[in-house]
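Below is one structure; the comments refer to it alone.
Proteins get letters first, then strands, A, B, ... in listed order; numbering begins at 1 in each. Every heavy atom of this structure was used, including side-chain atoms; hydrogens, water molecules and symmetry mates were not.
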Protein chains: 2
Amino acid sequence: MSTFTSKDVARLAGVSQSTVSYVMSGKRPISDETRRRVLDAIDRLTYEPNAGARALASQRTTVVGLVVPFGVGVDTTGLLPFIETIAGVARTRDHDVLLVTADEGSAGIRRLAGRSLCDAIILMDLQTVDDRLAVAANVRTPVILIGVPADPHGMHCVDLDFAEAARLAVGELAATGHDRLALIGHPADIVHRDLNYVRRFADAARAAADAHGLPLEVIAPVEWGREAARGAAARLAAIEARRLGVVVPASNTVQPLLHALNARGLVPGRDLSVIGLLTDAAAAEAEPPVTNVSLEPRDVSRRAMETLFRLLEDRTAPPRIDLITPKLTRRQTVLPGP
Amino acid sequence: MSTFTSKDVARLAGVSQSTVSYVMSGKRPISDETRRRVLDAIDRLTYEPNAGARALASQRTTVVGLVVPFGVGVDTTGLLPFIETIAGVARTRDHDVLLVTADEGSAGIRRLAGRSLCDAIILMDLQTVDDRLAVAANVRTPVILIGVPADPHGMHCVDLDFAEAARLAVGELAATGHDRLALIGHPADIVHRDLNYVRRFADAARAAADAHGLPLEVIAPVEWGREAARGAAARLAAIEARRLGVVVPASNTVQPLLHALNARGLVPGRDLSVIGLLTDAAAAEAEPPVTNVSLEPRDVSRRAMETLFRLLEDRTAPPRIDLITPKLTRRQTVLPGP
DNA sequence: TTGAAAGCGTTACCAC
DNA sequence: GTGGTAACGCTTTCAA
């Protein structure tokens, strides 16, 4: 499979190289006859334009850079739907996705932009205050943030509305007559990295609990895994309440916690209530199916990509904070209202 | 943040453009003094070489193409460790990863190779007989397969040794005195797509059972999810055996099956045995911790990348089939030997 | 040890 | 509606 250039196509079609280019890009009217012959030649040679040359000449790569939280010692559960959706949308717009690991820090962003490796960048897993933001904001390549940092530096942000998520959870527990709430903290590494959504959720939960006149206790950071879940269950068991409502914002602590509660004879949905923040798929497959506020990684990603392509077409689009509204689905872990 | 070229660096350092290039590549001896001045200039301009231009001139992209099974309606659980490891290794070798979704089929491979988007391709999620192989084998860009198809078309293959995995599982159940075995089939979509490892595992399991003189029953394809697991549990409950050993090769049916068995009062590790094929991490976090044969996605990926870079350095390296040996870890779901 | 200059394969401007 | 040609920014051969 030897590789042909647009020159070969031009020769075979009996036209100039520029005509070949214009046929492919559609940036100039071409007679039907010429187009036919060029397309035919392209077909016969299975010609593919060289990406490097094209990028060099056109200043466009048709590549989206995606900075993923790999190698920063962070739990990557739940990341796949983001990557999958971003790659899918990119493809429908004839773009590819270049993966950059977050362990490079700002250097990765500088490289992506400086070397013109992509036309736009998606940056996720943001800390509330994140070193990379200053770099990202000063780069020629447009950057979309998934997450809402304290200061977005004028960049576009897309994320789940974590505050609304907290309000939904607390509201549901209030409506079903709970007299006491517990909020399970995120694992220490998450808290320590001060990921932006942790705060957004916790603050709103506290505010909502206040608004409903409900006492809310924060069960300090719970680690991943079975042991930690047991500890948390023990602390929950010690809480004195008529109807206790537990809110669990870290998706992958939900299942272990349900188990640990069960093991203590505390059945969620019978003896106390649990609402988790996790995707509908995960909530439905949990044991038992857990009442949840949805995480919607696909919607968030889709929206981020829409913003990205809008920005690529119109660089003047005003920056905005775009929040996806989660929804609550009642399953089996919340006590029915009195 | 305006962007500089190597010409700017050359001017600032008072050398020629080619010298800048040679300083960066190390392909020619440079005097210390010159090198210092060039590096200094690079630093002061925060110069980054343009990737397109570099690729065009050098015929090298420092990009690895990764074809992932997105958008083909296949379950992507367990994919993340592959992507993560591949991206990580790529970075240590100064390469980036370009993600291509499998829904493009052979077209994706043709595009990757034809446009010179990458230096090498990793193809995963192979069917036993896969359309894409013929294309992949005839492309200028070297292709590494993760998986072992019926005919590798001369390409390098890396994968877990699924046959050995089956032998380990069956051997353990034989050694612990089981008199009857059941093999849970993969979900229909997996079987239907005829993914290469399904067959490799099942055939070896059958052979091993024969060798141990144990009857092995295949519980026909079980779908994902709670309901399907219940059905499988019912069928297992109906099997007459003194000591029944169950082998579950589809990682994400393990946990639902454990639940379903428990719900029927059949406690794995007490009333019957279950060995799953899943990562050690997943096995340890399962409820209860499940005796497992490890999947080792990271080792497989790492090995694939080693092969890839070896191939990039020496295109004559003979193709080989490189199988990673799984290991068995005893946890709580296998009856102790008699 | 260094420099000059010829490509690499496109795109897009300027002519016609 | 089409062709010629100058960029694009780098690598690498050829010369010195």
Legend entry - Gap between atoms CZ and C1', on Arg11(A) and dG3(D) respectively (whole Å): 16 Å
Inset, instruction - Go through the steps for Asn50(A) and Leu56(B) under the test side chain to side chain contact (heavy atoms under 4.5 Å, CB included), then give the verdict. - result: CA-CA 8 Å; Asn50(A) 179 293; Leu56(B) 183 58; 4.2 Å; yes
Inset, instruction - State whether Thr34(A) places a side-chain N or O below 4.0 Å from either non-bridging phosphate oxygen (OP1 or OP2) of dT2(D). - result: yes
Legend entry - Length of the CG-P vector between Asp8(A) and dC8(C), whole Å: 12 Å
Inset, instruction - Could you tell me whether Ser58(A) contacts a base, only the sugar-phosphate backbone, or nothing, with contacts defined as non-hydrogen atoms closer than 4.0 Å? - result: sugar-phosphate
Legend entry - Interatomic distance where NZ belongs to Lys7(A) and C1' belongs to dG7(C) [whole Å]: 10 Å
Inset, instruction - Would you kindly say whether Asp194(B) and Thr128(B) are connected by a side-chain donor-acceptor distance under 3.5 Å? - result: yes
Inset, instruction - Look at all strands and tell whether Gln59(A) reaches a base, only sugar-phosphate, or nothing, counting heavy atoms closer than 4.0 Å. - result: nothing
Legend entry - Closest to the Ala53(B) side chain, choosing from dT10(C), dA4(C), dG9(D): dG9(D)
Inset, instruction - Can you tell me the distance, in whole Å, between the CD atom of Gln17(B) and the P atom of dA6(C)? - result: 14 Å
Inset, instruction - Take atom CG of Leu56(A) and atom P of dA12(C), then tell me their distance rounded to the nearest Å. - result: 12 Å
Legend entry - Upstream residue (5' side of DNA chain C) when Arg35(B) and Pro49(A) are each assigned their closest nucleotide: Arg35(B)
Inset, instruction - Would you indicate, yes or no, if dG9(C) has its OP1 or OP2 atom less than 4.0 angstrom from a side-chain nitrogen or oxygen of Thr5(A)? - result: no
Inset, instruction - Using whole Å, report how far CD1 of Ile30(B) lies from P of dT12(D). - result: 14 Å
Inset, instruction - Using heavy atoms to find the nearest nucleotide of DNA chain D for Gly52(B) and Ser25(B) separately, return the residue whose nucleotide is more 5′. - result: Gly52(B)
Inset, instruction - Could you tell me whether the phosphate oxygens of dT2(D), OP1 or OP2, come under 4.0 Å of any side-chain nitrogen or oxygen in Thr19(A)? - result: no
Inset, instruction - Report the distance from atom CD1 of Ile42(B) to atom P of dG9(D), rounded to the nearest whole Å. - result: 16 Å
Inset, instruction - Give one of base, sugar-phosphate or nothing for Val20(B), where a contact means two heavy atoms less than 4.0 Å apart. - result: nothing
Inset, instruction - Please tell me which of Tyr22(B) and Lys27(A) maps to the more 5' nucleotide of DNA chain C, matching each residue to the nucleotide holding its nearest heavy atom. - result: Tyr22(B)
Legend entry - Distance test, side-chain N/O of Ser31(B) to OP1/OP2 of dT1(C), below 4.0 Å: no
Legend entry - Distance-only polar pair, side chains of Ser16(A) and Thr19(A), donor-acceptor under 3.5 Å: yes
Legend entry - Any donor-acceptor N or O pair under 3.5 Å, side chains Ser18(B), Ser21(B): no
Inset, instruction - Classify the side chain of Ser18(A) versus the base of dG4(D) as yes if they form a donor-acceptor pair under 3.5 Å and no if they do not. - result: yes
Legend entry - Heavy-atom donor-acceptor pair, Arg28(A) side-chain to dT2(D) base, under 3.5 Å: yes
Inset, instruction - Indicate yes or no: does Asp103(A) engage Arg91(B) in a salt bridge with an N to O separation below 4.0 Å. - result: no
Legend entry - Sugar-phosphate, base or nothing in reach of Glu33(B), heavy atoms under 4.0 Å: nothing
Inset, instruction - For residues Asp96(A) and Leu99(B), report the shortest heavy-atom separation together with the two atoms involved. - result: OD1-O, 4.0 Å
Legend entry - Length of the line joining Leu117(A):CG and dG9(D):P, which is rounded to integer Å: 15 Å
